[in-house]
Amino acid sequence: MDREITKKDVWNRAIVLLARREYSKGELRKKLLLISGDIDVESVLNDLELAGYQSDLRFVESFIRMRVSQGHGLMRIRFDLKRKGVDEALIEEVLEASEVDWFELAFELYGRKYAISSKPLDYKERARRVRFMSQRGFSFDEIQYAENEVLKNTN
């Protein structure tokens with residue numbers, strides 16, 4: 001017995017999702033559009049935002065904290081947030097306020113991964129390490145800094 005989906009059903013589904021973790025408005029929109037039928041999802045999203053249940057600012061702050069703790073760099077975090085439908089101006093505002101030292105983060109990750117490596121740094125090995133760090137979202141300058149600092153500390 002299929003019953004018609006109401007605005008209340010869409011609201012309740014959003015609340016269930018938001019109870020688990022923060023979602024960007026874009027992510028939540030995609031999920032709610034799957035179940036909404038012809039219900040106006042935008043009005044539900046606006047109501048959720050007004051009620052304080054959904055906030056892109058809160059989402060971006062928690063996402064950045066999580067990704068920094070996982071060892072991801074600025075470029076990767078920025079890319080992932082854009083993919084999740086977050087406004088670019090908001091991303092930049094929160095990143096500037098986050099006070100993360102991206103060079104230090106790159107150094108910590110590089111040090112954890114490669115400090116005890118006894119492999120000589122030939123071209124192939126260095127390229128592999130640079131590729132790993134760049135896939136994590138670090139710039140070449142940050143990778144070079146991390147490499148030099150690890151070499152300084154091991155000698």
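Keep in mind that the numbers below use all heavy atoms, side chains included, and drop hydrogens, waters and symmetry copies. Owing to the predicted nature of the structure, the values given are computational and were not obtained by experimental measurement.
- Evaluation of the ring-ring contact (aromatic ring centres under 6.0 Å, His included) rule for Phe59 yields Phe63 as partners, not counting sequence neighbours.
- Contacts classified as salt bridge (Lys or Arg N to Asp or Glu O under 4.0 Å) and involving residues 95-108 (residues at least two apart or in different chains) are not found.
- A continuous path of hydrophobic side-chain contacts links Val41 to Ile15 [ILVMFWY only; heavy atoms under 4.5 Å].
- For the ring-ring contact (aromatic ring centres under 6.0 Å, His included) test, residues two or more places apart in sequence or in another chain that qualify with Tyr110 are Tyr114.
- Annotation: salt bridge (Lys or Arg N to Asp or Glu O under 4.0 Å) contacts involving residues 141-150, sequence neighbours excluded, comprise Arg126-Glu147, Glu149-Lys152.
- For OH of Tyr145, the number of neighbouring non-hydrogen atoms (other residues, nucleotides, ligands) closer than 6.0 Å is greater than 12.
- Here the CG atom belonging to Asn148 is positioned 11.0 Å from the CZ atom belonging to Phe107, to the nearest 0.5 angstrom.
- Note on Leu57: it clusters hydrophobically with Val100, by side-chain heavy-atom contacts below 4.5 Å among ILVMFWY residues.
- At least one side-chain heavy atom of Glu42 sits under 4.5 Å from a side-chain heavy atom of Arg29.
- Smallest separation of non-hydrogen atoms from Val130 and Ile143: O-CD1, 3.8 Å.
- Between the CD1 atom of Ile5 and the OG atom of Ser36 there is a distance of 7.5 Å, given to the nearest 0.5 Å.
- Salt bridge status for Glu61 with Arg58: absent, with no side-chain N to carboxylate O gap under 4.0 Å.
- By the criterion of side-chain heavy atoms lying less than 4.5 angstrom apart, applied directly or through intervening Ile, Leu, Val, Met, Phe, Trp or Tyr residues, Phe140 is not grouped with Tyr123; the two fall into different hydrophobic clusters.
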I would like to know whether Val94 and Leu81 meet side chain to side chain contact (heavy atoms under 4.5 Å, CB included); could you show each step before the answer?
CA-CA 11 Å; Val94 176; Leu81 284 169; over 6 Å; no
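- Classification of Glu125 and Arg129 as a salt-bridged pair holds, one side-chain N sitting under 4.0 Å from a carboxylate O.
- Applying the side chain to side chain contact (heavy atoms under 4.5 Å, CB included) test between Leu45 and each of Leu50, Leu32, Asp40 identifies Leu32 as the sole match.
- Side-chain contact between Glu49 and Ser55: absent, with no pair of heavy atoms (C-beta onward) separated by less than 4.5 Å.
- Note: Leu95 CG to Leu90 CG = 9.5 Å, rounded to the nearest 0.5 Å.
- Remark: Arg136 engages His72, Leu109, Phe132, Phe138 in a side chain to side chain contact (heavy atoms under 4.5 Å, CB included) (not counting sequence neighbours).
- Salt bridge annotation for Lys7-Asp47: present, with a cationic side-chain nitrogen under 4.0 angstrom from a carboxylate oxygen.
- Note on Val10 and Tyr53: same hydrophobic cluster, where clusters join Ile, Leu, Val, Met, Phe, Trp and Tyr whose side-chain heavy atoms are under 4.5 Å apart, directly or indirectly.
- Note: the hydrophobic cluster containing Met75 does not contain Phe79 (ILVMFWY, side chain heavy atoms under 4.5 Å, direct or indirect links).
- Between atom CD1 of residue Ile77 and atom OG of residue Ser98 there is a gap of 8.0 Å, rounded to the nearest 0.5 Å.
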Can you check salt bridge (charged side-chain N to carboxylate O under 4.0 Å, His left out) on Lys84 and Asp80, steps first, answer last?
CA-CA 6 Å; Lys84 291 182 178 290; Asp80 288 344; over 6 Å; no
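- Just one of Arg83, Lys82, Arg78 meets the salt bridge (charged side-chain N to carboxylate O under 4.0 Å, His left out) condition when paired with Glu88; it is Lys82.
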Report the C-alpha distance between Asp56 and Asp87 in whole Å, list the side-chain angles of each, state the deciding distance to 0.1 Å, and finish with yes or no for side chain to side chain contact (heavy atoms under 4.5 Å, CB included).
CA-CA 9 Å; Asp56 273 356; Asp87 179 53; 5.9 Å; no
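- Atoms OH and CG, on Tyr23 and Leu18 in that order, are 7.5 Å from each other to the nearest 0.5 Å.
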Could you please spell out the steps behind the side chain to side chain contact (heavy atoms under 4.5 Å, CB included) verdict for Asp9 and Ile35?
CA-CA 9 Å; Asp9 293 330; Ile35 65 157; 5.9 Å; no
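- For Trp102, the ring-ring contact (aromatic ring centres under 6.0 Å, His included) test picks out no residue, with sequence neighbours left out.
- Residues Ser24 and Val86 approach most closely at CB-CG2, 3.8 Å, considering heavy atoms.
- The structure places CD of Gln54 at 6.5 Å from NZ of Lys25, a figure rounded to the nearest 0.5 Å.
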